[in-house]
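The structure appears below as structure tokens.
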Number of protein chains: 2
Amino acid sequence: MQFQLQTVKRRRLHEDIVQQFHALIREGALKQGDRLPAERELAEQFQVSRSSVREAIRSLELQGLVVSRPGAGTFISTETLDSVVTLLASTLNAGTDVLRDAFEMRHLLEPPIAALAAQRATSAEVARLREILEEQQRQIDRGDTGVEADTDFHFALAAATHNAALIKVVSAVEDVLQHSRGQSLEEPGRRQRSLASHRRVLARVAAGDATGAQQAMAHHLAVVEPSGLQALEPTA
Amino acid sequence: MQFQLQTVKRRRLHEDIVQQFHALIREGALKQGDRLPAERELAEQFQVSRSSVREAIRSLELQGLVVSRPGAGTFISTETLDSVVTLLASTLNAGTDVLRDAFEMRHLLEPPIAALAAQRATSAEVARLREILEEQQRQIDRGDTGVEADTDFHFALAAATHNAALIKVVSAVEDVLQHSRGQSLEEPGRRQRSLASHRRVLARVAAGDATGAQQAMAHHLAVVEPSGLQALEPTA
DNA sequence: ATCATCAAATTGGTCTGACCACCGGACAGG
DNA sequence: CCTGTCCGGTGGTCAGACCAATTTGATGAT
């Protein structure tokens, strides 16, 4: 017999406290500039130790919701961008689909990245990309999905833009997608098509053709995108 | 006589510790899955109390860089989007041509974000955008640069895409750019032109015109971009 | 030899009580 | 009225302790 089990989230005390403050701020009970009760007093009210109160305040501070001033107290500070992000995330966080978001982000980023790479890639970087595609061919030949080489290709392409910020974001997105990509590459035909469109991208990059590289990447994404995910073309 | 004084920043211990771990992760000394020394051991190594170590770990955990498991230990976890964004931000602080990279990233992201926002924005979000532009008008009227409202606008637009990943990345980029933006808006004419092009973006978003919104945003960026920064059209 | 079992050691989570540096307002002295 | 001092409250840090969960390895059965 199978039970319908759900992971039991062991809540730590400070997390519980943080959530209570989130609610208070969201409901307007705590407004910009308000002073929180002293840590010792909060500890008594929540019936926890001061350590737990402090860890909670540390979280709130990192989220930009409060600021602590020694000798003065801890104050609500909801003017920053961080705080807006935090509250937004805490309200909508439950049902968001990470995978869909990541696919969408890739759709936005990768084509212009290919264009930038075409303009800036050094010969060494082009050689590196070529190497990766050869490795992908070998992986496919021996029955593998080639997902590692696939990820490497996108990362190396981002590296060729010489933009540190882009590289970091792409590495994050690729990390998230690597698992899912394994599935979409299960169908044998797809592996070859993915490799073929990679080659077209590389050809345009090597030629320094920014526009062509951008289009080739857009086409590649359309090929490898799991069917049913039409992130950029909703019914509007 | 006037002295040239600078504010003294008092650093808290746990902040210092967090920064050291950021560096270790960035340099690759700590990799995915690695286990941190026990809290008691870290306290001894850093010559601080366990409380400070724990507050530092709390920060790292909130940033998605580590996870703690009772009885097991604390482990590096850099697979999530959060973690990369965090490291990105901490890297950018000490970076060199950070500004150029951030501008470039914005160039890539914002136009398609405007398109997505046009397709997905709720009426409440459109109203919020309208509000922000009114606030920007008021700020400019009283002689301010309107940089806060400017940042708010771009953030709210990202929020309207309902893509959590995009929102995070944009918030990171906008954080970096906020300071520089103040300078570029020093010339009075630019403030009005920025506001005017914001309004054109909003009009296309409100109309649900994805293509128009994308073009309007591209135009806006061209207007507010500091001269001399031709991020997307290098000499190739 | 292999595997299941259980107890000890280790670890994160929490609590208590203490000390320090700092801030803010009351208060006394000019 | 202004000024400097004092003192209580506050955050920042520390030390030591106990608990619960997990790991680990020795033990014993198969």
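By convention in this document, chain letters (A, B, ...) are assigned in the order of the sequence lines, proteins followed by strands, and residues within each chain are numbered from 1.
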Once you round it to whole Å, what is the distance between [atom2] of [N] and [atom1] of [X]?
X       : N      : atom1 : atom2 : result
A:Arg54 : C:dC15 : CZ    : C1'   : 15 Å
A:Glu39 : C:dT16 : CD    : P     : 15 Å
B:Arg35 : C:dG12 : CZ    : C1'   : 10 Å

> Quick one: is C:dT11 close enough that its OP1 or OP2 comes under 4.0 Å of any side-chain N or O from B:Thr74?
Replying inline: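 False: B:Thr74 side-chain N/O out of range (4.0 Å or more) of C:dT11 OP1/OP2.
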
Pairwise side-chain contact, [X] with [Y], heavy-atom cut-off 4.5 Å (strictly under):
X        : Y        : answer
B:Leu108 : A:Leu166 : yes
B:Phe75  : B:Asp34  : no
B:Thr74  : B:Glu61  : no

>> Output one letter per nucleotide in nucleotides 17-26 of chain C: B when a protein non-hydrogen atom lies under 4.0 Å from the base, S when only the sugar-phosphate is that close, - when neither is.
In response: -BB--BBS--

>> Using a 4.0 Å cut-off to any heavy atom of chain B, which nucleotides of DNA chain D are the first and last in contact, reading 5' to 3'?
In response: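 Contact span on the strand: D:dG12 to D:dT23.
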
> Hey, what's the ring geometry for B:Phe46 with B:Phe21, parallel, tilted or perpendicular (30° and 60° as the breaks)?
Replying inline: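 Plane angle over 60°, so perpendicular.
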
> Can we say B:Glu125 and B:Arg128 salt-bridge, meaning some charged N sits less than 4.0 Å from an Asp/Glu carboxylate O?
Replying inline: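 Looking at B:Arg128 together with B:Glu125, the answer is no, because their closest N to O distance does not fall below 4.0 Å.
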
> Under a 4.0 Å N-O cut-off, is there an ion pair linking A:Glu55 with A:Arg58?
Replying inline: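 Looking at A:Arg58 together with A:Glu55, the answer is no, because their closest N to O distance does not fall below 4.0 Å.
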
>> Quick check on side-chain contact (heavy atoms from CB on, under 4.5 Å): which of A:Val66, A:Leu65, A:Leu60 does A:Ile76 satisfy it with?
In response: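 Running side-chain contact (heavy atoms from CB on, under 4.5 Å) over A:Val66, A:Leu65, A:Leu60 with A:Ile76 returns exactly one hit, A:Val66.
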
> Under 4.0 angstrom, heavy atoms only, what part of the nucleic acid is A:Ile57 near: base, sugar-phosphate, or nothing?
Replying inline: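 Since no nucleic acid heavy atom lies under 4.0 Å of A:Ile57, the category is nothing.
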
> For DNA chain C, whose closest nucleotide is more 5', that of B:Leu36 or that of A:Ser49?
Replying inline: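 Between the two, 5'-proximity favours B:Leu36.
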
>> Distance check, rounded to the nearest 0.5 Å: B:Glu134 atom CD versus B:Arg130 atom CZ?
In response: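 Taking CD in B:Glu134 and CZ in B:Arg130, the distance rounds to 8.5 Å.
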
>> Of the listed nucleotides (C:dT11, C:dG13, C:dC15), which one gets closest to any side-chain atom of A:Val48?
In response: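 Output: C:dC15.
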
